[in-house]
Amino acid sequence: MRVCTRRRSQTLRMWLLIVFLSLHLLVVSLVLSTYHTTCEPRSHPDIQTSISFFNQNTSTSTNTMAAAGSDTLEVEIDSAAGDLAKLEALYSHPLYHMPTPPVPDGDWLLKVRTKRKEEGSNMQQWLSANEDGYDPILWNTSVETHPPWLRFHLGISRWQMYQHKDPNLSALTQQLASHRIVSAVQKSGGTQLKLVMSFRNYGQALFKPMKQERQEETNVNLYYFSDFERHNAEIAAFHLDRILGFRRMPPVVGRLINIIKEIKDITTDHRLVTTFFTSPVGNVCFYGQCSYYCSTEHAICGRPIMIEGSLAAMLPDLSLAQRHSWKSPWKRSYSRSNLALWETDTNYCDSVKKSPPYDRGTRLVDLIDMSILDFLMSNMDRHHYETFEKFGNDTFLIHLDNGRAFGRHSKDEPSILAPLVQCCRIRRSTLLRLRLLSLPTYRLSDVMRASLSQDPLAIVAPLLTEPHLLALDRRLATVIQTIQDCLEQHQHHSDVIYDDITDYTGS
């Protein structure tokens with residue numbers, strides 16, 4: 001009896017062992033089939049062969065991806081280098097190196113005296129007005145030792161904000177991008193939040209914070225006078241103004257700002273400091289006080305404490321250099337229902353050309369230059385412009401306040417070109433530069449991409465998306481075609497083209 005029981009127990013153990021081995025072999029078989037699924041099939045694989053092949057295949061795939069990534073990177077580097085080469089070639093073109101006579105003393109906005117101030121005077125006393133209100137008194141006579149912002153002010157002349165190859169421009173933009181900020185207060189006036197930032201060397205800049213992501217387009221349901229002001233639009237406008245050869249805009253640079261250390265902790269503006277709060281996700285926010293978009297619903301929020309923004313060099317104080325504000329003849333109605341006179345009167349320009357200051361000098365072609373700039377960047381918000389009073393009517397127009405530009409790349413606004421279309425008048429220098437920028441060698445989108453890549457914020461992300469850059473080429477073609485239509489409508493080209501570069505023989 002005991003022998004039978006022992007035999008049955010052994011038989012049961014044997015069957016259990018057989019079942020266990022069978023299940024084990026089944027699992028191994030499934031594992032092998034999984035390896036074969038991820039790799040190419042082999043005729044007689046074993047586990048070691050499958051693992052070896054899997055590692056080899058993974059390594060090959062990784063190397064392929066790395067090679068592809070390397071190729072893509074090389075293409076991007078080559079493209080960027082090509083764009084920079086185009087920009088350098090553009091700025092070396094004779095149209096950007098027109099010979100200019102020495103600037104007469106009376107054509108500088110500010111002058112330097114040799115008189116020293118008594119020790120103990122502060123920087124606000126450096127600039128002291130003479131009987132005309134434009135003569136700064138400086139600590140010393142060496143312009144090279146002055147702060148970059150002061151050298152910028154001293155470089156403003158009757159016809160341009162800065163020279164083509166201004167040696168001070170690099171130092172000024174570096175200061176705007178990196179120097180310590182010691183004060184931040186709200187700027188009065190305007191419809192949206194702006195801050196005046198002060199530096200240790202008494203320089204100042206106008207700060208516009210980021211309100212919209214670069215890839216976002218303006219809401220189609222918003223009127224032009226309700227649009228956001230964009231920090232990247234201010235930066236891009238400065239670069240475009242320079243590429244067009246105008247140089248009528250103060251330098252603008254992008255910068256990352258620490259909301260706590262560089263605004264909240266140093267501001268003396270009670271209106272501003274009371275608007276700071278922490279969002280539900282822990283980001284530091286503020287909204288200030290202004291006409292539009294200054295509320296908790298439209299707050300400026302960091303990530304969590306850093307915020308992008310544009311810093312534009314401030315112009316000389318009004319006590320030293322008064323500016324005259326002019327209402328644009330092509331100002332929009334800023335109404336949801338009414339149209340401006342120029343939108344209904346086809347002969348509107350005839351009356352403008354008979355009215356001062358557009359009846360003489362370069363004021364009309366300067367305004368048309370500004371309309372071309374605005375059309376290229378789709379800025380519908382040019383209701384006024386300014387000039388320096390010292391120069392009277394014979395001076396350049398200051399291209400300020402461009403925050404509502406570059407809102408939509410998918411749509412062009414032909415009404416912005418109304419001054420050009422209705423007046424059919426343009427500077428020869430502007431026309432030649434526009435034609436130059438339409439050539440593949442100097443393509444506008446390429447040189448704009450290269451120029452913007454030099455801004456500090458380009459490390460975070462490109463200042464303009466590719467659709468915006470391509471829109472520049474499309475709009476440039478529209479401008480050139482509009483000028484061509486004007487030339488065909490007039491018997492004499494001189495009726496259309498104002499020759500401001502009589503010594504230039506190119507075409």
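- The closest donor-acceptor contact from the side chain of Tyr348 to the backbone of Pro329 lies under 3.5 Å.
- Here the side chain of Ser355 pairs a donor or acceptor atom with the backbone of Ser351 at under 3.5 angstrom.
- A donor-acceptor pair under 3.5 Å is formed between the side chain of Asp500 and the backbone N or O of Ser429.
- Looking at Arg230 and Ser310, their side chains never bring a donor and an acceptor atom within 3.5 Å of each other.
- With values rounded to the nearest 0.5 angstrom, Asn219 atom CG is found 9.0 Å from Asp227 atom CG.
- Put simply, the side chain of Pro250 reaches to within 4.5 Å of the side chain of Leu315, judged on heavy atoms.
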Inset, instruction - Check the pair Ser451, His239 against side chain to side chain donor-acceptor pair (under 3.5 Å), reporting the backbone distance first and the verdict last. - result: CA-CA 7 Å; Ser451 188; His239 287 260; 2.6 Å; yes
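- Annotation: salt bridge (Lys or Arg N to Asp or Glu O under 4.0 Å) contacts involving residues 153-168, sequence neighbours excluded, comprise Asp107-Arg158.
- Although no hydrogens or angles enter the test, the distance criterion places no donor-acceptor pair under 3.5 Å between the side chain of Ser378 and the main chain of Phe375.
- Judged as a salt bridge (charged side-chain N to carboxylate O under 4.0 Å, His left out), and not counting sequence neighbours, Arg433 has no contacts.
- Ring-plane geometry between Trp326 and His324 is classed as tilted, the angle between the planes lying from 30 to 60 degrees on a 0 to 90 degree scale.
- Atom CG of Leu206 sits about 8.0 Å away from atom CG of Leu195, to the nearest 0.5 Å.
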Inset, instruction - Output, in order, the C-alpha distance, side-chain angles, deciding distance and verdict of side chain to side chain donor-acceptor pair (under 3.5 Å) for Asp485 and Gln489. - result: CA-CA 6 Å; Asp485 293 343; Gln489 294 168 15; 5.7 Å; no
Inset, instruction - Report the C-alpha separation of Thr441 and Leu90 in whole Å, then their side-chain angles, then the decisive distance to 0.1 Å, and conclude whether the side-chain contact (heavy atoms from CB on, under 4.5 Å) test is met. - result: CA-CA 9 Å; Thr441 310; Leu90 178 74; over 6 Å; no
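- Between Arg323 and Glu386, at least one side-chain N (NZ, or NE/NH1/NH2) sits under 4.0 Å from a carboxylate O, which counts as a salt bridge.
- Tyr334 and Asp381 share a side-chain donor-acceptor pair at under 3.5 Å.
- Residues Lys390 and Gln322 have side chains not in contact (no heavy-atom distance under 4.5 Å, counting atoms from C-beta outward).
- By the neighbour-count criterion of 12 heavy atoms within 6.0 Å, atom CG of Leu339 is densely surrounded, having more than that number from other residues, nucleotides or ligands.
- The ring pair (Phe, Tyr, Trp, His ring centres under 6.0 Å) check on Tyr91 picks up Tyr96, His164, with sequence neighbours excluded.
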Inset, instruction - Kindly determine whether Leu84 and Gln454 satisfy side-chain contact (heavy atoms from CB on, under 4.5 Å), including the steps that lead there. - result: CA-CA 10 Å; Leu84 287 170; Gln454 299 172 340; 3.7 Å; yes
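- Aromatic ring centres of Trp159 and Phe391: separated by at least 6.0 Å.
- Checking side-chain atoms of Arg247 against main-chain N and O of Gln160 turns up no donor-acceptor pair under 3.5 Å.
- Inter-residue side-chain proximity for Phe199 and Pro147 is flagged as unmet; no heavy-atom pair is nearer than 4.5 Å.
- No side-chain donor-acceptor contact under 3.5 Å links Gln174 to the backbone of Ser178.
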Inset, instruction - Determine, stepwise, if the pair Arg427 / Asp499 fulfils salt bridge (charged side-chain N to carboxylate O under 4.0 Å, His left out). - result: CA-CA 6 Å; Arg427 286 176 178 269; Asp499 193 355; over 6 Å; no
Legend entry - Stepwise salt bridge (charged side-chain N to carboxylate O under 4.0 Å, His left out) test for Arg474 and Asp412: CA-CA 9 Å; Arg474 182 180 70 241; Asp412 302 340; 2.8 Å; yes
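- None of Arg214, Arg255, Lys208, Arg303 except one satisfies the salt bridge (charged side-chain N to carboxylate O under 4.0 Å, His left out) rule with Glu308; the exception is Arg214.
- Note that CG of Leu110 and NE2 of His153 are 8.0 Å apart. Values are rounded to the nearest 0.5 Å.
- No donor-acceptor pair under 3.5 Å is formed between the side chain of Arg428 and the backbone N or O of Ile497.
- Atom NZ of Lys353 is surrounded by more than 12 heavy atoms from other residues, nucleotides or ligands within 6.0 Å.
- For the residue pair Lys211 and Gln192, a side-chain donor N or O sits within less than 3.5 Å of a side-chain acceptor on the partner.
- In terms of heavy-atom proximity, Pro251 sits nearest to Leu176 at O-CD1, 4.0 Å.
- Residues Arg200 and Arg180 come closest through the heavy atom pair CD-CD, 3.6 Å.
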Legend entry - Full working for side chain to side chain donor-acceptor pair (under 3.5 Å) between Ser415 and Arg332: CA-CA 10 Å; Ser415 65; Arg332 297 180 183 275; 2.8 Å; yes
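- Nearest heavy atoms, Ser333 versus Ala340: CB-N, 3.9 Å.
- Once rounded to the nearest 0.5 Å, the distance linking NE2 of His231 with CE of Met210 reads 5.0 Å.
- Looking at every heavy atom in both residues, Thr395 comes nearest to Asp366 through O-OD2, 3.5 Å.
- Inspection of the Asn201 and Gln175 side chains reveals an N or O donor paired with an N or O acceptor under 3.5 Å.
- A 4.5 Å side-chain heavy-atom check between Leu95 and Tyr504 finds at least one atom pair inside the cut-off.
- To the nearest 0.5 Å, the span separating CG on Asp350 from NZ on Lys354 amounts to 6.0 Å.
- Aromatic ring centres of Tyr293 and Phe228 lie closer together than 6.0 Å.
- Within a 6.0 Å radius of CD in Gln215, other residues, nucleotides and ligands contribute more than 12 heavy atoms.
- A salt bridge (Lys or Arg N to Asp or Glu O under 4.0 Å) check over residues 451-468, counting only residues at least two apart or in different chains, returns the pairs Arg449-Glu466.
- Legend: residues meeting salt bridge (charged side-chain N to carboxylate O under 4.0 Å, His left out) with Arg242, ordered by chain and number and at least two apart, are absent.
- With sequence neighbours excluded, the residues satisfying salt bridge (charged side-chain N to carboxylate O under 4.0 Å, His left out) with Lys86 are Asp446.
- Distance alone, capped at 3.5 Å, places no donor-acceptor pair between the Gln204 side chain and the Ser198 backbone.
- Contact annotation: the side chain of Val252 never approaches that of Leu311 to less than 4.5 Å [non-hydrogen atoms, C-beta and beyond].
- To the nearest 0.5 Å, atoms CG (Asp374) and CG (Leu417) are separated by 9.5 Å.
- What you find for Ala236 and Leu452 is that their closest heavy atoms are CA-CD2, 3.8 Å.
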Inset, instruction - Start with the C-alpha gap between Asp83 and Ser79, add the side-chain angles, then the distance that decides, and say whether side-chain contact (heavy atoms from CB on, under 4.5 Å) holds. - result: CA-CA 6 Å; Asp83 290 346; Ser79 177; 4.1 Å; yes
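- Gln491 and Asp495 share no donor-acceptor pair across their side chains, judged by distance under 3.5 Å alone.
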